[in-house]
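This report refers to the structure that appears directly beneath it.
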Amino acid sequence: MITLSHYLFLSMILFALGVTGLMVRRNAIILLMSVELMLNAANLAVVAFARFRPAPASADNGMVLVFMVMAVAAAEVAIGLAILLNLYRQRRTVNADELNVLKG
Amino acid sequence: MMLNALYFWFFGTLAAVCGLGVVLSRHPMHSAISLVGTMIAIAALFLQLHSEFLAYAQIIVYTGAVMVLIVFTISLLNLRQTAGNPMCPSRWWGVVFVALLLLVFSAYQLIDKSHGFAGPARPSVPPDYGQVPTVARSLFTTYLFPFEFVAVLLTAAVIGATVLARQDPEQHPTEQEEQK
Amino acid sequence: METLLVLLIHLLKIIVVFSILLGCIAYAVLLERKLLGRLQVRWGPSRVGPFGLLQPIADGLKLFLKEELTPTRADRFLFVLAPLLSMGPALLAIAVVPFGDTTNLFGLLDQPILLQIADIHGGILFILALTSVGVYGIFLAGWSSDNKYSLLGALRSSAQMISYELVLGLSITVALMAAGDVSLRNIALSQGDGFWNWWIFSPKWFVLPGILGFFLYLISAFAETNRLPFDLPEAETELVAGYHTEYSSMKFAMFFMAEYCNIITVSCIAVTLFLGGWYAPFPFLPSGGLFGCVWFAVKVFILVCVFIWVRGTLPRLRYDQLMKFGWKVMLPLAIANVLLAAGGILLYEMWHGS
Amino acid sequence: MNNFAVPILGIQGIMPELLLSLAAVLILLLEMTAGDREGHGALSLSVAGLILAFIATFGADGKQVFSSLLVNDNLSALLDRVFLMAAFLVTLVSRPYLANYGLAKGEFFVLLLLATVGMMVMGAAMDFITMFLGLEMLSLSLYVLAGFFKKDVLSGEAAFKYFILGAFATGFLVFGMAFVFGALGTTNFAAMAHTLSAGSPPFPSVPTLLFGLALILAGLGFKISLVPFHTWVPDVYTGAPTPVTALIATGSKAAGFAALVRIFMITFPGSFQFWGAAFWWLALLTMIVGNLFALVQVEIKRMFAYSSVANGGYLAMAFLSHSDVGIKALLFYLFAYTFMTVGVFGVVSLAGRRERLLISEYAGLSRENPFLAAVMSLFLLSLAGMPGTAGFFGKFYLFAGAVRSGYLGLALVGILTTILSFYYYLRVIVYMYMRESEMPREALELAGSGRTALVLAAAGVLILGCFPNLIWISIEQVF
């Protein structure tokens, strides 16, 4: 039987993969994609929770949340790619390790 | 019930494997295509969870807009394979941390059966659960403000993206078209 | 036993619909060549079989037997994936199109069956979702070929498809608003009793938004299917066939079939949304059961002919013209149209007391 | 046709936000039609919008609007005033600063206004959905503003780092929201509090809720740059255009605190035993790390970046106090902090045609422009917590609150680090007044709106420092 914890577990795996991608990859576009993976994992968790809650009255609430996250993700990617494009024009690279004029 | 489980395992595995592909692929384009795979698999799982509207929205918004934008940028910047190891070995401690987190969470999930965490009975859902009209109605009534606000947010994003990505005309007039 | 029967019926439906669809695709090619020939005052294919009717089979055989080529520097995985991604969504879209109401096959069955493979609630969204996946087929084909013409073709095509998808979405919104539903079957059901109830002419909004919506839909459908006058992605004269330059044999055939399949699908959607679906133009003509399918087929046939006719008559646009047209003419018109339709519906409902 | 109930709109409830958005749209139209090269039109429209919005905040009636997604209470009105003040001062500083670089475009002001709208929505949010949208509006605008100097490598890199780490934090925040939603079945703060007080347990289990809250804390901790999440701060503060830095340091941080207050102090006061310890450690670490790193910096923006981190630590201390005392101290400090931080970054923006990056470059500023040196000293003294300035009372209330709630150790650390901070703040004053510049510079001219902004900020610091009651009265009305 497929239960809530199946979905949560999958969501957790995807989230962890996103975090891992952000940590180990240096290509900026892949970093961006890892963030998307994290957001997707969160969306999956919300939808699963909404479906499995004892009182599904709150389902719309969760779905609107997911929908808003999607819309924001689209906006975020647009901005992120614009920043990347600008960066690429300046430096001819999108490798995060080569961006070291500012030393953290 | 069998079919249900099969469906979950198929798309769940697909999502996880494609997610792994995002992290491990050497070429950004392969990562992107893997991510598209993950998103489609998640949309399929949304369908299983009776969230029809979100399943379509997921595909239309993510694969249809977000990922196309990313794929476009990859090919515009013509990012070829990075020489050597695309991963950064010094960051693997972070991975260990994430793995630990995952382990703790899953162990806790498996142990904590007392709260019914491991297997609540699936509650029956109303027939219009997650359908387009249902979600639409709450978007235009209860959640009217977020709906309108997200429009403002997208406008801000459009302004921002154009400000950054637009090349000032005196520089390279020929590349103007590509920015679309 | 009951479930087995249901499954069997579904399977049969799928087989029937897809075999008809594949046949239609094959003969749409022939139709195009014949019609184009006539438009250009020549005969078109006429050697294979009577009137060239076996030409599609010969074409098919030729494509099957050709050698498969893969460029050495191509990205092999994506190179193979691309035609599949192009073909798959194109074929799948037909699954939600309602060809007719219900039928019991002249009394053969006790219970009427639906003349539609799957009546899903969010039918039109399903199709939009598939369209957005279809972009990847073309894009990846161009990208993975490692050929600059292919890449340019692919970039152009996806940019074009994304731009016109907005218009497409907004133009169908008009029909969705009038019908108050997103299920294709319900939309078709809302247009019975005569052509004046079809959403293209509907009095609900005083005719204009319906017609405008239909033509906006048609124009953006031309762009979505990469047909002339919007066939920039494969413009032979400048791009050497664009994204499928490097494809041959079966893989090429898949792109080819996907294109014609898309033409048929967008025609089906246009018929369902704007032209009354399976309903006859006058209420006294029969449109139940298989008669509906006939009406549906006739309408789709006419639309496909329009596609070919346009190809025969209009010249190709320049790329920047196409983009400008999409963003500066079509999109504002589509948005205005949605507002107009909304206002029309509001007035109508106030008038009729809803 | 389905009829559905039209929701109660409550337009009055979002009047300030509406006015600002309107101003933003007008600026865009102006840009499109008139070609407002020097940004004068954009500046006046922004200023008008901000002032009108400020007036509109006094219409707060404590009602929840838009199906209780937003609340229009005294707290949100007060926070709105903090945001609007920060945005107002930053706008005034921006025009002369941008004009120096020939970049005074209308879009800058549009994004600045929209970022402010985001902050205000965040401050008024009573629901995860609105809070998230406000946060994203704010963040997306700021990412772009940080990279507004397209030709500048530093600005591009700052925008990139801010974006990637911000998106990372957003991921955590959304994941956390998912789990809190799962645990309580709603995204509405009032409904959550109600569910908890009604005694119905979180749905799968209590740890689900705590897991979600921890992730949210991490996500918002980024926004307010608490210590383990502060790594972006020095780079972004240094690379971004200085007025934008001022906004990130004040408005954005205040908005983050507003969200934290709404979630942790108002919605989940009952689970203090769980999150209280987290705040204790975060505040401690933030104070120590911020001040220690600020000591060793040679670049001025980097030093102020760490100083801003340290101030975040002082603010985080407020969470440990009993809720209403804590919130009041927090609000007061936010006012004070806004004035002095916008002030110092304003001076940095305007102290020369090209920015002075190093602290040593400030040598001899008192001769070039005595006014700048004087207000800078005032802001620095206030940051250090000198009596008679706003910073003194701000810190006093915070430390007093901590002591009263029994966190003597933490307050002690706060006081010790404050004393430490005297060194690096006073060092700048020493440079300005007692060192001679190596190469003599001519006298500096200050553009009108920049001078106004600095005068206003200085006035704010002095008034709050001498008559704290003026603002304390309206803070008292919050509860």
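Everything numeric in this text was worked out from a predicted model, so none of it was measured. Worth knowing before you read on, the calculation uses all heavy atoms, side chains too, and leaves out hydrogens, waters and symmetry mates. A note on names: the letters A, B, ... follow the listed sequences, proteins ahead of strands, and every chain is numbered from 1.
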Chain B contact via D:Leu145 - which portion, at a heavy-atom distance below 4.5 Å: neither
Heavy-atom pairs under 4.5 Å with chain B, option from D:Glu17, D:Glu107, D:Glu136 with the top count: D:Glu107
Candidate pair B:Val152 and D:Val117, rule side chain to side chain contact (heavy atoms under 4.5 Å, CB included), full reasoning: CA-CA 10 Å; B:Val152 182; D:Val117 172; 5.7 Å; no
Chain B contact via D:Leu133 - which portion, at a heavy-atom distance below 4.5 Å: both
Interatomic distance, D:Leu114 atom CG to B:Ile159 atom CD1 [nearest 0.5 angstrom]: 6.0 Å
Top contributor to chain B interface from D:Leu140, D:Leu70, D:Asp127 [non-hydrogen pairs under 4.5 Å]: D:Leu70
Straight-line distance of B:Thr155 OG1 to D:Met137 CE, nearest 0.5 Å: 8.0 Å
Between CG on residue D:Leu69 and CZ on residue B:Phe149, distance to nearest 0.5 Å: 12.0 Å
Least distance between heavy atoms, B:Ala156 atom then D:Leu111 atom: O-CD2, 3.9 Å
Derivation and outcome, side chain to side chain contact (heavy atoms under 4.5 Å, CB included), residues B:Phe145 and D:Val121: CA-CA 11 Å; B:Phe145 177 76; D:Val121 168; 4.1 Å; yes
